[in-house]
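Each remark here refers to the structure printed beneath this line.
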Amino acid sequence: MPFKRAPQVFSAAIRELTLGTGGKAIAVGGENVLPLYAFDGPLKNPPRVGIELSDRGPDLSLPELAAFYAGADSPAEQARRAAAAPGADFLSLYLESSDPTGADAPVEESVAFCLEIAAAVDLPLVIQGSGHAEKDAKLFEKAAEALQGKNALIMSAKEENYKGVSVAAVTAYGQKIAAESSVDINLAKQLNVLITQLGISGDKMAMNLGVSAAGYGFEYIASTIDRVRLAALSQNDAALQMPVVTPVAREAWGVKEAIVSEEDIPEWGPRERRGINMEVCTAAALIAAGSDAVILRHPRSVRVVADLIANIL
Amino acid sequence: MALKGLDIFKLTPKTNCKDCGIPTCMAFAMKVAQGSIAIEVCPHMSAESLAVIGAAAAPPMRSLKIGAGGAHVLGGETVLFRHEKTFAAKTLYGVALKPETAAAALPEIMKVDYERISERMFVELLYVEYTGDRDAFLDLVQTAKDTGRALAVESHDAAAAKEAMEILKGLEPLLIGADAANYAAMDAVAKEYRVALGVSGRDLDELYDTVLELEKLGNKDLVLDVGHVSVKDAFAAAVQLRRAAVKDGDRSAGYPSFVNAGKLAPGDPELQLALASVFTLKYGSVIILEGMSYAQALPLYGLRQNIFTDPQKPMTVTPGIYPINGGGENAVCATTVDFALTYFIISGELERSGVPCNLLISDAGGYSVLTAWAAGKLSAQSLGKFFKEFAVEDKIKNRTLLIPGKVAVLKGEIEESLPGWRIVVAPNEAVSLVKYMKELEV
């Protein structure tokens, strides 16, 4: 007797967000089935993989990463190298130096970095701030203005700065915006509602629901995405139907397993492998939970996660 | 499928006799439906009603034990998403041994054995497959047996399977290899040695059909091999089988699953890790890889530990004194709550600072700092009690204690309850700790 299949195809769907322009433009989201359930119905778009480039440049203490970027000394050259990494659908610029509690690079410097790269590559761009709400607000306004016509994703608008950030990015300069909340379905919904009340259409938005590395409270983000996706699809909750974009790299490379040197714990082996594995494991689990796009740092991680997606769909 | 309160109510005597201790039959039925009271508490249920409820209450998915003494539990899941209810049995990870490489691989596999938040992390299963050379196969089974780990043995040849089971008698290995062609012979071996039997098929339909045949032979100790030819088909099988069992009540789909990630991505340990991560979330009961390095184990076991926790009860760290960067009696003390997430973040940042210190974790009910404070679980009294219980003053000479910035308000009270200590308010956010510790004057 054959197995009785009971596909779950929902009448509601995740919105489709387009990023970038021209031949390399991508669409994110759009599905009306549970994450990766292509056997239930066709996925409009596969999950997308982004490669992250920090304005501080790649971590050259990692031998494979250093080899990958060898000879690429300017941001533009590094960006070209990153953009050519097999599996990368978009490029995410992490403006780490702008952090006022860190290097506190002036806004003009960060914007110049973005512009240099925008001129060098044609992949869609994501602009990640330092996470400092006040500084990000200033930075995003200028970056969005400078990148007009690029259809970039500004990441992210938070409760503290969403008004200025989303109006500047979307209404004034035609970019897309990610709404960032911290691992809570109600906070996510509330922020989405607040941003749409500014007259910003839901199909110009993504959600960053928060992120934890595997082993570091990943259950909270997994269950948050599960619940958001179920509400969006089975209850047709329009305020939660934006695609989910998750910046994995920062968390994955920031936990002990990816930081401790091989001299300190020899049995753990080389740090680069641990970082890649932490990034791959976290990203794969997030995609299984329902993230429509992940941002990774290491070209090897990008390749592996892209392979996973290609194989599973 | 589970009965609703109203369905159960219809089966009660509806007399509101209160013999169960609940005012009405309706209220009783609701409690039964929630699972907070057993149906047997009512002394007046008819045998027919109990039979109906019993059949409906049986779990939609079979629960099996494998390994010596039933060391590992598989299956028994009742929900598809962890926020509904805690998943019943964590995914088990195994490593495939090959005759030619086993001698070199085994010591590496055994090295991965450590504790993380009160859970032992190790390779639970060793996997050995019969591929035609019977002597090499049986030697390897013996080698694997000698490690003391549980075994998963795959053989589509019933005679070879029987010989392996003879070696492993009483150790409750998992036997994989029943298929459409050999299921009757494999069923006989599995029954003779009382082991769980893994079933495979060319596709989901053939697999399902073979399960039905084995059920007709009275075998319900089955494990379903989701296939190793295509990742796409394996994922589709794992999800559809679990969903059919849990959501649609198809008991013949309700068995633990077996995923050979090693065969799905041969020679690519990182892709195997990616697959293992996906199948840990989506319904893999046993996952086999070609190896297990620390680089793979650290994220994967952490992920599993997270996914298989109670969604309503936070993970906690055992209260105690945790030395960071060597700690020692002259190192400064810092305190925070026992919520595992807080502990990991704080201990991680303290480690990054490179400054030796002692992290004092008191019992705060598993709450975050502010919640614990609001609930009275983190207070001057609770810290005073912790200091006595763990004899902190005998063990540590340093008399500086950092308290979380978010409970700065407690500073005065703590100074009173811990005389002789200098109480210092640390930053509000963990990210500021590295800089703060480096600049701290002790």
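What you see below is based on every heavy atom in this structure, not just the backbone, and it leaves out hydrogens, waters and symmetry mates. Lettering follows sequence order; numbering is per chain, from 1.
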Other residues, nucleotides and ligands only: do more than 12 of their heavy atoms fall within 6.0 Å of [atom1] on [X]?
| X | atom1 | answer |
| --- | --- | --- |
| A/Q8 | CD | yes |
| A/Y94 | OH | yes |
| A/E159 | CD | no |

- Message: Distance check, rounded to the nearest 0.5 Å: B/E351 atom CD versus A/I259 atom CD1?
- Response: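 Going from the CD atom of B/E351 to the CD1 atom of A/I259 covers 9.0 Å.
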
Would you check if [X] and [Y] make a side-chain contact, meaning some heavy-atom pair closer than 4.5 Å?
| X | Y | result |
| --- | --- | --- |
| B/L241 | A/F3 | yes |
| A/D40 | B/R243 | yes |
| A/I265 | B/Y294 | no |

- Query: Between B/D248 and A/R5, is there a salt bridge with N-O shorter than 4.0 Å?
  - Reply: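 Salt bridge absent between A/R5 and B/D248.
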
- side chain to side chain contact (heavy atoms under 4.5 Å, CB included) partners of A/S130, counting only residues at least two apart: A/S98, A/D99, A/P100, A/H132, A/D136

- Message: What verdict does the side-chain contact (heavy atoms from CB on, under 4.5 Å) test give for A/L230 and B/H83, after you've listed the backbone C-alpha separation in whole Å, the side-chain angles of each residue and the deciding distance to 0.1 Å?
- Response: CA-CA 12 Å; A/L230 288 169; B/H83 63 262; 3.8 Å; yes

- Short side-chain to backbone donor-acceptor contact, B/R82 and A/E219, under 3.5 Å: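 Flag set: sc B/R82 to bb A/E219 pair under 3.5 Å.
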
What option among [options] has the most heavy-atom pairs under 4.5 Å with chain A?
| options | value |
| --- | --- |
| B/R352, B/Q305, B/Q240 | B/Q240 |
| B/G348, B/S347, B/G302 | B/G302 |
| B/L204, B/D205, B/I117 | B/D205 |

Can you say whether [X] sits under 4.5 Å from chain B via the side chain, the backbone, both, or neither, judging by heavy atoms?
| X | result |
| --- | --- |
| A/A222 | side chain |
| A/P270 | neither |
| A/A38 | neither |

- Measuring heavy-atom distances to chain A, does B/Y343 have an atom under 4.5 Å in its side chain, in its backbone, in both, or in neither?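 No part of B/Y343 comes within 4.5 Å of chain A.
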
- Under a 4.5 Å heavy-atom cut-off, does chain A meet the side chain of B/K111, its backbone, both or neither? neither

May I have the list of side-chain donor-acceptor pairs in residues 231-239 of chain B shorter than 3.5 Å, sequence neighbours left out?
{"from": "B/D233", "atom 1": "OD2", "to": "B/S230", "atom 2": "OG", "distance (Å)": "3.4"}

- Message: For residues 306-313 of chain A, give me every residue with a non-hydrogen atom less than 4.5 Å from any non-hydrogen atom of chain B.
- Response: A/D307, A/L308, A/N311, A/I312, A/L313

Partner chain B: residue of [options] with the largest heavy-atom pair count (under 4.5 Å):
| options | answer |
| --- | --- |
| A/E279, A/R274, A/R227, A/K4 | A/R227 |
| A/G215, A/G275, A/A288 | A/G215 |
| A/V305, A/L34, A/L36, A/D264 | A/L36 |
| A/R303, A/E257, A/R271 | A/E257 |

Name every donor-acceptor pair, under 3.5 Å, that has one atom in a side chain of residues 270-281 of chain B and the other anywhere in the protein, sequence neighbours excluded.
{"from": "B/E270", "atom 1": "OE1", "to": "A/R300", "atom 2": "NE", "distance (Å)": "2.5"}
{"from": "B/E270", "atom 1": "OE1", "to": "A/R300", "atom 2": "NH2", "distance (Å)": "3.0"}
{"from": "B/E270", "atom 1": "OE2", "to": "A/R273", "atom 2": "NE", "distance (Å)": "2.7"}
{"from": "B/E270", "atom 1": "OE2", "to": "A/R273", "atom 2": "NH2", "distance (Å)": "2.9"}
{"from": "B/Q272", "atom 1": "OE1", "to": "B/E290", "atom 2": "N", "distance (Å)": "2.9"}
{"from": "B/Q272", "atom 1": "NE2", "to": "B/A265", "atom 2": "O", "distance (Å)": "3.0"}
{"from": "B/Q272", "atom 1": "NE2", "to": "B/E290", "atom 2": "OE1", "distance (Å)": "2.7"}
{"from": "B/S277", "atom 1": "OG", "to": "B/L273", "atom 2": "O", "distance (Å)": "2.7"}
{"from": "B/T280", "atom 1": "OG1", "to": "B/Y93", "atom 2": "OH", "distance (Å)": "2.8"}
{"from": "B/T280", "atom 1": "OG1", "to": "B/A276", "atom 2": "O", "distance (Å)": "2.6"}

Give me the atom names and distance for the closest heavy-atom approach of [X] to [Y].
| X | Y | result |
| --- | --- | --- |
| A/M1 | B/Y208 | O-CD2, 3.5 Å |
| A/F218 | B/I307 | CD2-CD1, 4.0 Å |
| A/C281 | B/L303 | SG-CD2, 4.0 Å |

